[in-house]
Structure formats: structure tokens, C-alpha cells
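Have a look at the structure below, then the notes.
Order of the sequence lines sets the chain letters (A, B, ...), proteins ahead of strands, with each chain counted from 1. Nothing here was measured: the structure is a model prediction, and the numbers come from that model. These numbers come from the heavy atoms of this one structure, side chains and all, not from hydrogens, waters or symmetry mates.
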2 protein chains.
Amino acid sequence: MKNPLPFLPTNDLSAEEVMSSITIDCCVFSFEKGYLEVLLVQHGQGISKGKWGLPGGWIKKEEDIDVAADRLLSELTGVKDIYLEQVKTFGKPERFPLGRVITIGYYALINREDFKVKAGFTASEAKWYRIKDIPDLIYDHNEILQASLNRLRGKVKRAPIGFNLLPEKFTLLQLMQLYTEILDVEMDKSNFRRKFLKMKLLQEAGDKQTGVSHRAAKLYRFDEEIYQNLTRKGFNFEF
Amino acid sequence: MKNPLPFLPTNDLSAEEVMSSITIDCCVFSFEKGYLEVLLVQHGQGISKGKWGLPGGWIKKEEDIDVAADRLLSELTGVKDIYLEQVKTFGKPERFPLGRVITIGYYALINREDFKVKAGFTASEAKWYRIKDIPDLIYDHNEILQASLNRLRGKVKRAPIGFNLLPEKFTLLQLMQLYTEILDVEMDKSNFRRKFLKMKLLQEAGDKQTGVSHRAAKLYRFDEEIYQNLTRKGFNFEF
DNA sequence: ATATCTTATGGTTTATTTGACTACAAGTAT
DNA sequence: ATACTTGTAGTCAAATAAACCATAAGATAT
């Protein structure tokens, strides 16, 4: 049996290794210079040659779907232990022009500092795009991206997952800019500070920002343990 | 080609009509006498004979997955235009003992008054279970149910979907009991009333409750049009 | 019909949270 | 030293939420 749909995915399993008709597509988000960005890959072959799309691939025959998504992402980004969340499954019959393929959408959050594009990756190129500059993507990938973004926006308000996009130590202003960018709302510096500090999620790192041409801000880190306590009694973070 | 997995689903498409290896399972919720309930079906054949599970079935070869879920539910419940939402896709390799089957979980909300179990349904029996009385279900259906319930709990706070569980006209107390039951929290009658009325989602039906042995409450109905305006500028309903 | 019971419905009071804004601190660059 | 930039703390009024209280409107029991 030959893999019936050779043009789709960006990894290269043999036909025997894949479960046909179901794929995974993933939005990888990162935060760089104040902008939320998504990693796109350019398809180098087949009918979609030259167009950009979300990284994706087949699920192995005996592989859990979450594991498959994690594998695809580690292969692509070189990052281990990625924050990963399933968004939605897309199953319009016509979504993929060469046959019936259902795809499970995921999104991932990575700290840009850890990131390296894997050289041997079969997608000919990979590139970060700012959310506002996303081009027309292949198939229904714009729709998948939009759904992922909506999910991220919702989630970031009720769980402190934003930290996955930041380096280990960060300033309160960086954190606020992250929220500002993701939620696309303006906020007041002082009020943000008060509100965020009140929930006591942050631990002072002890040191301060360096290399800035103004008063250096304190660095904080996210405290996982305190977070566990908070989630138990619910966490809400509207702006 | 023969349908490779004859024991799974509760509808009976021929092997040619189905897309093998992907199914849909659905939690149908309703609200009856103050309790949130789920519709379960008893499997009448195969290895899971006698055990209860969520209703589910195959997706047709050229059928949208949302359409498939809707079709399954109309067949089962006799209700048209069901409120339906995709929850999550479940893909552990071992979730189904007879082969690799990925399933897409949905949940539905129906008004119990409209409901009739379809006689010709292949599941030998269908029955409503209160959320707190759910037995051990087949495969990973308890997990699917839990995920659906969590999703419902989240969604009910930011969109007024709860109305799908109520008759067209209802009292404020019924509405509060619905929220109380779904979210599993106590609330104050008076505060609930003020808070809900303030968002002006409800329209007075004009008439009152009948057949109660105390002061009759005003009946309200949910106003879809007003809701559309509200959602545009966001809707939040924490308790 | 009067008293009693139950839920409906409209308020009040107080504490808490928000949002807008002001002011000063602590650095860098000139 | 001065100007400039961001950090950090605090104020104040408005909005919200939480905990109650009181009365209304029926039905039922005596």
C-alpha cells in the first residue's frame, strides 16, 4: 500500500507508518519584540508549491494524537516539552483538494530563545509571521489559525499560559505587552501591575533588567507551585 | 471491503458509506426536574454488550463532521436544529480495543420537551442519567463525558447557551437552578435576578407560571436578537 | 376569613474591584 | 545638571459584587 496522499504533510513517514486520512496541523506561537508571531512553512512540492501553510503531518499507526503533535513540533523546532493544546478538528469534505482528509488542529506556545528550525526538515523553508501579516494559506489553514488564536485569547484569560511565550525572567511591562498584543486591547501600566501582583503568581527573581537606557525594571519569574494553588480555587484574569 | 470494526457504532451504515477509523461520539445534555442529565445508550451486541455508552457513529465518506454529528443526533432524538458543539478529539491508540479508532467528541443541548427516542434505533435501549449517577461507560466515554461537561461549564459562563436546555418560557428561578446545577455552585436568588435582568437578555412573556402552590412567577423568554447585540461587545457571566 | 406557608420580587448596606489619573523614583543620554 | 524615559506607588470616584432584609402575592390549612 502506498501512501495515498503524497502531497500533504511536511514530515516523511512511509506509507506503512501513517494512519491515512487523518493529519495534525499546528499553530506555533511565539512572542518577539512585542509581536505575536506564528511559524509557517513553505510547501516545496505538489500542488501547493510555494504557498505557506501551518506545519503538520501524519499520525503514526499506533501513536497517541497528542504524542504525534508533540513529535512533529520537536522535529520542527528543536524544543522539548512544548506547551501544546488541541484546538479543534476540521473535517469539511472539500478542505483538502486531493481526497478526504480530516485534520486535528493544535496550537503551541514556545519561548523564542529556545527555538532553532531543524535543518533536515522537509519543508523547504520555515518563517515567523506576525499575526497581522499572515498571508493566504493553503487549504483551510487560515481557518485553523483563526480558531487557534481565538482559543489562545480565551485561555490566556483563565490560565497563566502566557508565560510559555516569555523567557524565564521577564519584567512586568513585557508581561503586559504580551497580554496587550494577544488580546489586542490597551491597558494601564499601573493597574495591570496592581492586578497581576495581587494574585501573587510571580516571584521576584532578585535581579534587574540590564542594557536598557532607562531605569531598570525588576525581573520576575512565574511560580508554578503557586499557580497550582490558584487554579484549584479558580483563576480569572479579565481586562 | 467490509467494515473492519463491526461492533462500534450505534447507527448502521454500510461499509462503503463510512470513513473507517474515525467516529463521532456525542454527549446529549438535558435539564429535567432540576437535574442535568445525559442520554446514554446500551450496546446490544459485541464485546461491549450490556454496557452503557455515549451515542455515536461513523462519518460518511463525503460528509462534513458537523453534519454527521447533527445527523446522528436527529436520528436518535427526533429533534431538529439541535445546539451542537465540537469538544475535542480523542485518539489514544488503545482507546478502542478492536482497532485504532479516533473519535471526535461533541456535546448537544436539547429541550427535554421536544425529545423522543427514535424507535428504530439500533441501540437496544436509551436512557437519561443524572450527571452524578453516570455509571462506568465503555471505552473512554467517561473521559469524553467529563471533557464535554467541562466545556459546557466554561461556555455557559460566556454565552447564553443554557436556554437550549429550557422550554421556550421559563421563570428566573428555573434559570438560576439551571446555572446552579451546571456550575455546581450556590447562588443568591436576589443577586442572580438583578444580575441577569441587568443584561436585558430576557423578554417578559407576559403570562405567569400555573399550577404552583405559591405566588406564580413571571415567565420569560430568551431574546435571540438582543443576544446578538450583546455578543458583539462580549458577554461575561461569572458567579 | 384568618393565619400560615412558600416563593417572587424589590431594596439596602458594605466591602471589593475597577478605571482613570497623578506623582515621584531611578536610571540613561546630552 | 538637565532632560528624557520607564518603573513604581498611591489616590479617588465609579462600578460591581456579596450578604442581607422586607414586603408582595398568591395557595393551603384551620
Exercise. Toss me the dot-bracket line for DNA chain C: Watson-Crick and G-U wobble, both under 3.5 Å, 5' to 3', using | for pairs to another strand and [ ] for crossers.
Key: ||||||||||||||||||||||||||||||
Just by modelled atom types, is the [Y] backbone N or O under 3.5 Å from a matching donor or acceptor in the [X] side chain?
X      : Y      : result
B:Q42  : B:K51  : no
A:D223 : A:Q203 : no
A:R151 : A:Q86  : yes
B:H141 : B:G53  : no

Quiz item: What about the rings of A:F163 and A:F170, do their centers lie closer together than 6.0 Å?
Solution: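 Yes, close enough.
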How close or far is atom [atom2] of [N] from atom [atom1] of [X], stated in whole angstroms?
X      : N      : atom1 : atom2 : answer
A:L202 : D:dT8  : CG    : C1'   : 15 Å
A:K198 : C:dT16 : NZ    : P     : 11 Å
A:E204 : D:dT8  : CD    : P     : 9 Å
A:F196 : C:dT17 : CZ    : P     : 16 Å

Measure from the side chain of [X], starting at C-beta and using heavy atoms only, and say which of [options] lies closest.
X      : options                : answer
B:R194 : D:dT11, C:dT12, D:dA27 : C:dT12
B:R215 : C:dT7, D:dA17, C:dT18  : C:dT7
A:H214 : D:dT5, C:dA25, D:dG26  : D:dT5
A:S213 : D:dG26, C:dA29, C:dT18 : C:dA29

Practice problem: Considering only NZ, NE, NH1 and NH2 on the basic side and carboxylate oxygens on the acidic side, decide whether B:K92 and B:E143 come within less than 4.0 Å. | Solution: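 Yes, B:K92 and B:E143 are salt-bridged.
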Practice problem: State plainly whether the residues B:K132 and B:E181 are in salt-bridge range, i.e. N to O under 4.0 Å. | Solution: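 Salt bridge flag = yes for B:E181 with B:K132.
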Exercise. Please say which of B:K218, B:R221, B:K169 ends up in a salt bridge (charged side-chain N to carboxylate O under 4.0 Å, His left out) with B:E204.
Key: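 Testing B:E204 for a salt bridge (charged side-chain N to carboxylate O under 4.0 Å, His left out) against B:K218, B:R221, B:K169 leaves exactly one candidate, B:K218.
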Only distances under 3.5 Å count here; give the side-chain donor-acceptor pairs of residues 26-40 of chain B to other protein atoms, sequence neighbours excluded, each with its distance to 0.1 Å.
| residue | atom | partner | partner atom | Å |
| --- | --- | --- | --- | --- |
| B:S30 | OG | B:R112 | NH1 | 2.6 |
| B:E37 | OE1 | B:R112 | NH1 | 3.0 |
| B:E37 | OE1 | B:R112 | NH2 | 2.9 |

Quiz item: Which residues in residues 166-193 of chain B have at least one heavy atom lying under 4.0 Å from any atom of DNA chain D?
Solution: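 Heavy-atom cutoff 4.0 Å gives B:D188, B:S190, B:N191.
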Quiz prompt | Toward the 5' end of DNA chain C, by each residue's nearest nucleotide, A:K208 or B:L197 | solution =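 With B:L197 and A:K208 compared, the 5'-side residue is B:L197.
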